[in-house]
Undergrad: 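This is the structure, below, for whatever I ask next.
Note that these values count all heavy atoms, side chains included, but never hydrogens, waters or copies made by symmetry.
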Amino acid sequence: MELSTATWVILAILITAIISIAFKVLKNRSKKDTFIILGLSDSGKTSLFIKLRYGEQVRTHTSMKENEGLIKLEEDGEPLTKVPIHFVDVPGHEKLRFRFSDFIPITRGIIFLIDSSTCVKNVRSIAEYLYDIFSNKDVIKHHIPILIACNKSDMITALPTERIQTILENELNQLRNTRTSALDHQDTSITDNGIKTWVAEVYEGR
């Protein structure tokens, strides 16, 4: 069946429009405007994402796919940034956590969560994950800031952050003998307001 001239014109306009939209999307996605939330499974990544997005604390289950969205960061009703921030919660499952590297080209900052109550038994996995992040060529090249936040610090089995830092540094040293202190950005505890402020400062370049 032959298409009329009018039909070809319509198709050409539609294709041009689609290409234009795709180009704009790709162009926007090439900007480093994303903050990714990383950590092992059950470290509280999805809970943090939901808390930042909806202001609610809810029970979650292990995620098998990314959660992402534009989030308006506010404190006491006042906006912390001029525009909403793009956040991505990357699954922490052992077979899925490598996906973080897919987002590094558009990443402005990394939030790495550690479960303070299970750090000892998971220290090897945490250190290996951090090592992968620290040694990522794009993280190094673009000096992407990393905030390491200790979650669930109110639990009885939780270790103090200083102890967690020491344990992780020792484990990282075993992974790479020439390791220097990589936890300079470790936070004392996790609070959504503290993370909001850090994200805003990194995004605004303060």
Side-chain angles (χ1 to χ4, degrees), residues 22-53 60-71 73 84-115 118-119 122-151 164-165 167-169 171-187 190 195 198-203 205:
F23 177 78
K24 289 181 179 178
V25 170
L26 289 174
K27 184 178 180 181
N28 288 335
R29 299 303 292 148
S30 67
K31 296 179 180 178
K32 291 184 174 296
D33 60 355
T34 297
F35 284 80
I36 56 176
I37 305 173
L38 307 179
L40 302 186
S41 294
D42 299 322
S43 59
K45 298 183 304 301
T46 302
S47 293
L48 174 62
F49 177 85
I50 293 175
K51 177 69 172 177
L52 291 174
R53 188 168 194 179
T60 61
H61 54 80
T62 301
S63 301
M64 299 304 289
K65 64 178 182 178
E66 294 83 8
N67 295 301
E68 62 177 302
L70 292 172
I71 299 177
L73 297 181
I85 305 297
H86 182 235
F87 281 88
V88 178
D89 159 30
V90 180
H93 189 281
E94 184 177 2
K95 295 183 179 180
L96 301 175
R97 66 182 66 142
F98 69 89
R99 291 180 182 173
F100 84 88
S101 59
D102 295 339
F103 297 94
I104 291 300
I106 58 169
T107 294
R108 188 70 160 267
I110 297 172
I111 301 169
F112 190 94
L113 294 188
I114 294 175
D115 184 340
T118 61
C119 179
N122 292 324
V123 63
R124 186 70 180 184
S125 295
I126 295 171
E128 289 176 344
Y129 198 173
L130 283 171
Y131 183 86
D132 289 342
I133 297 169
F134 291 140
S135 61
N136 181 279
K137 63 178 182 179
D138 289 317
V139 171
I140 296 172
K141 179 180 179 180
H142 300 291
H143 306 286
I144 297 175
I146 302 169
L147 174 69
I148 300 177
C150 296
N151 193 13
I164 291 174
Q165 179 171 345
I167 291 174
L168 285 177
E169 286 179 342
E171 196 68 32
L172 284 166
N173 279 327
Q174 293 182 31
L175 290 175
R176 190 171 71 182
N177 292 331
T178 57
R179 185 75 188 178
T180 56
S181 177
L183 306 182
D184 292 338
H185 299 290
Q186 179 163 348
D187 194 13
I190 176 175
I195 289 179
W198 180 82
V199 169
E201 290 177 348
V202 171
Y203 188 81

Undergrad: Look up atom CD1 in Ile110 and atom CZ in Phe134, then write down how far apart they are to the nearest 0.5 Å.
TA: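 One finds 8.5 Å between CD1 of Ile110 and CZ of Phe134.
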
Undergrad: Judged by modelled atom types alone, do Thr46 and Asp89 share a side-chain donor-acceptor pair under 3.5 Å?
TA: yes

Undergrad: Could you tell me the separation between the CZ atom of Phe87 and the OG1 atom of Thr34, rounded to the nearest 0.5 Å?
TA: 9.5 Å

Undergrad: Could you please spell out the steps behind the side-chain contact (heavy atoms from CB on, under 4.5 Å) verdict for Leu38 and Leu113?
TA: CA-CA 6 Å; Leu38 307 179; Leu113 294 188; over 6 Å; no

Undergrad: Ignoring hydrogens and geometry, is there a side-chain-to-backbone donor-acceptor pair from Lys65 to Val90 under 3.5 Å?
TA: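 Flag not set: sc Lys65 to bb Val90 has no pair under 3.5 Å.
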
Undergrad: Holding to salt bridge (charged side-chain N to carboxylate O under 4.0 Å, His left out), I want the full list of residues that pass it with Glu94, two or more places apart in sequence or in another chain.
TA: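 For Glu94, no residue satisfies salt bridge (charged side-chain N to carboxylate O under 4.0 Å, His left out) once neighbours in sequence are set aside.
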
Undergrad: Distance-only, no hydrogens or angles: does the Ser41 side chain make a donor-acceptor pair with backbone N or O of His93 under 3.5 Å?
TA: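 Judged by distance alone, yes, a pair lies under 3.5 Å.
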
Undergrad: Could you state the interatomic distance from CZ (Phe49) to CD1 (Ile71), rounded to the nearest 0.5 Å?
TA: 4.5 Å

Undergrad: Donor-acceptor check, side chain of Asn122 to backbone of Ser125, threshold 3.5 angstrom: yes or no?
TA: no

Undergrad: Using side-chain contact (heavy atoms from CB on, under 4.5 Å), reason through Ile146 and Val139 one step at a time and then give a plain yes or no.
TA: CA-CA 9 Å; Ile146 302 169; Val139 171; 4.3 Å; yes

Undergrad: Quick one: do Arg124 and Gln174 satisfy side-chain contact (heavy atoms from CB on, under 4.5 Å)? Show the steps, please.
TA: CA-CA 10 Å; Arg124 186 70 180 184; Gln174 293 182 31; 4.3 Å; yes

Undergrad: Hey, could you give me each pair passing salt bridge (Lys or Arg N to Asp or Glu O under 4.0 Å) that has a residue in residues 137-147? Not counting sequence neighbours.
TA: none

Undergrad: What heavy-atom pair brings Asp102 and Pro105 nearest, and what distance separates the two atoms?
TA: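 The answer is O-CD, 3.6 Å.
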
Undergrad: For a quick test of reading the model, state the closest non-hydrogen atom pair linking Ser101 to Asn136 and the distance between them.
TA: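 Closest approach of Ser101 to Asn136, heavy atoms only: CB-ND2, 4.2 Å.
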
Undergrad: Hey, are the side chains of Ile126 and Phe112 touching, using non-hydrogen atoms and a 4.5 Å cut-off?
TA: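 Side chain of Ile126 against side chain of Phe112, heavy atoms only: contact under 4.5 Å found.
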
Undergrad: Looking at every heavy atom in both Cys150 and Ile164, which two are closest together, and how far apart are they?
TA: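 Reported closest heavy-atom pair: SG-CD1, 3.9 Å.
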
Undergrad: Quick check for you: to the nearest 0.5 Å, what is the distance between Glu171 atom CD and Tyr131 atom OH?
TA: 13.0 Å

Undergrad: Starting from the C-alpha separation in whole Å, work towards a yes-or-no answer on side-chain contact (heavy atoms from CB on, under 4.5 Å) for Asn67 and Val88.
TA: CA-CA 6 Å; Asn67 295 301; Val88 178; over 6 Å; no

Undergrad: Can you see which heavy atom on Pro84 is nearest to which on Leu70, and at what distance?
TA: CB-CB, 4.0 Å

Undergrad: Looking at Ile114, is its backbone amide N or carbonyl O close enough to the side chain of Asn151 to form a donor-acceptor pair, meaning the two atoms are under 3.5 Å apart?
TA: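 Judged by distance alone, no pair lies under 3.5 Å.
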
Undergrad: Between atom CG of Leu172 and atom CD of Gln165, what is the distance when rounded to the nearest 0.5 Å?
TA: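 Those atoms lie 10.5 Å apart.
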
Undergrad: Are any of the side-chain heavy atoms of Ile111 and Ile36 separated by less than 4.5 Å?
TA: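 Contact flag for Ile111/Ile36 side chains = no.
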
Undergrad: Just so I know, are the side chains of Arg53 and Ile50 near enough to count as touching, which here means a heavy-atom distance under 4.5 Å?
TA: no

Undergrad: Atom CG in Leu52, atom CZ in Phe35: separation rounded to 0.5 Å?
TA: 11.5 Å

Undergrad: Say whether, by atom type as modelled, one donor and one acceptor occur between the side chain of Asn173 and the main chain of Glu169 under 3.5 angstrom.
TA: yes

